[in-house]
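Ligands are counted one by one from 1 in listed order, and the atoms in each one are counted from 1 as well.
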Amino acid sequence: QETPAERFQRQHMDSDGNPNNNPNYCNQMMRRRRMTEGRCKPVNTFVHEPLVDVRAICIQPNIRCRNGQNNCHKSRSSMRVTDCRLKNGSRYPNCAYHTSPAKRQITVACDGNRVPVHFDA
Ligand code: ATR
């Protein structure tokens with residue numbers, strides 16, 4: 001069975017990925033990472049930084065997550081990310097996504113072992 005930490009890596013980590021100039025990045029990656037099975041996951045972000053750097057976010061101070069839990073942490077530095085957002089009118093099983101590269105601080109939820117399990121913002 002997939003652990004929450006493995007699930008986070010599948011859904012959010014693409015350390016060596018490079019979406020630059022590939023408008024199909026999200027269409028390909030959302031399918032390849034199995035987020036278009038059963039439904040089209042509406043929004044998802046991929047992080048293009050080393051896993052050790054993303055894990056290190058877990059030692060930042062705890063902050064409130066969107067769901068009210070307090071196990072979230074914000075990165076000190078900006079990180080390279082790609083936001084994937086389902087296109088208006090896209091209907092399962094034809095999941096079509098907008099691909100938007102960005103560089104910003106990210107917020108993740110971590111578990112008791114201080115590994116990321118959820119991408120909050
Ligand atoms: P994501 O939210 O990263 O897109 P997900 O498939 O929704 O991915 O999985 C989030 C995982 O992080 C879940 O295992 C969730 O646990 P619960 O199902 O028990 O909620 C876990 N998680 C841990 N802390 C969380 C938090 N503060 N907010 C949301 N999910 C959290």
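By the 4.0 Å heavy-atom criterion, F119 is counted among the residues contacting ligand 1. In this structure, R66 does not count as a contact residue of ligand 1, since none of its heavy atoms falls inside 4.0 Å of the ligand.
Remark: atom 25 (C) of ligand 1 lies closer than 4.0 Å to at least one protein heavy atom. Under the 4.0 angstrom criterion, atom 7 (O) of ligand 1 counts as lacking any protein heavy-atom contact. In this structure, atom 17 (P) of ligand 1 has its sub-4.0 angstrom surroundings free of protein heavy atoms. Taking a distance limit of 4.0 Å, we find that atom 1 (P) of ligand 1 is approached by some protein heavy atom.
Counting only heavy atoms from C-beta outward, the side chains of D111 and F8 never approach each other to under 4.5 Å. Residues C26 and T82 are in side-chain contact: their nearest non-hydrogen atoms beyond the backbone lie under 4.5 Å apart.
Of the protein's non-hydrogen atoms, H118 CB, 3.6 Å is the one closest to atom 31 (C) of ligand 1. The shortest contact between atom 9 (O) of ligand 1 and any protein heavy atom is with R7 NE, 3.6 Å. The nearest heavy-atom contact from the protein to atom 11 (C) of ligand 1 is V117 O, 3.2 Å.
Taking only nitrogen or oxygen atoms, main chain and side chain alike, D120 does not reach within less than 3.5 Å of ligand 1.
Shown here for A96 and S90, the closest heavy-atom pair between the two residues is N-OG, 2.8 Å. When every heavy atom of R10 is checked against every heavy atom of E2, the shortest pair comes out as NE-OE2, 2.7 Å. Here the closest heavy-atom approach between residue R33 and residue D14 is recorded as NH2-OD1, 3.9 Å. Between K103 and R80 the shortest heavy-atom distance is CE-CG, 3.9 Å. The minimum heavy-atom distance linking T99 with P23 is given by the pair OG1-O, 3.3 Å.
Those atoms of ligand 1 with a heavy atom of H12 less than 4.0 angstrom away are 1 (P), 3 (O), 4 (O). For ligand 1 and N71, the ligand atoms under 4.0 Å from any heavy atom of the residue are 23 (C), 24 (N), 25 (C), 26 (C), 27 (N). Here is the list of ligand 1 atoms found below 4.0 Å of a heavy atom in Q69: 24 (N), 25 (C), 26 (C), 27 (N).
Between C65 and C72, the two SG sulfurs come within 2.5 Å of each other, short of that mark.
With I57 as reference, H73 is the one residue of R76, H73, R114, K74 to meet the side chain to side chain contact (heavy atoms under 4.5 Å, CB included) rule.
The proximity of K41 to ligand 1, defined as any non-hydrogen pair under 4.0 Å, is limited to the side chain. When non-hydrogen atoms are compared, ligand 1 lies under 4.0 Å from the side chain of Q11 (C-beta onward) but not from its backbone. In N67, the part holding a heavy atom less than 4.0 Å from any atom of ligand 1 is the side chain.
Comparing heavy-atom distances from atom 14 (O) of ligand 1 across C65, A109, P4 singles out P4 as nearest.
Between D83 and R104 there is a salt bridge, since at least one side-chain N of the basic residue sits less than 4.0 Å from a carboxylate O of the acidic one.
The aromatic rings of Y25 and F46 sit perpendicular, their planes meeting at an angle over 60°, well past the 30° parallel limit.
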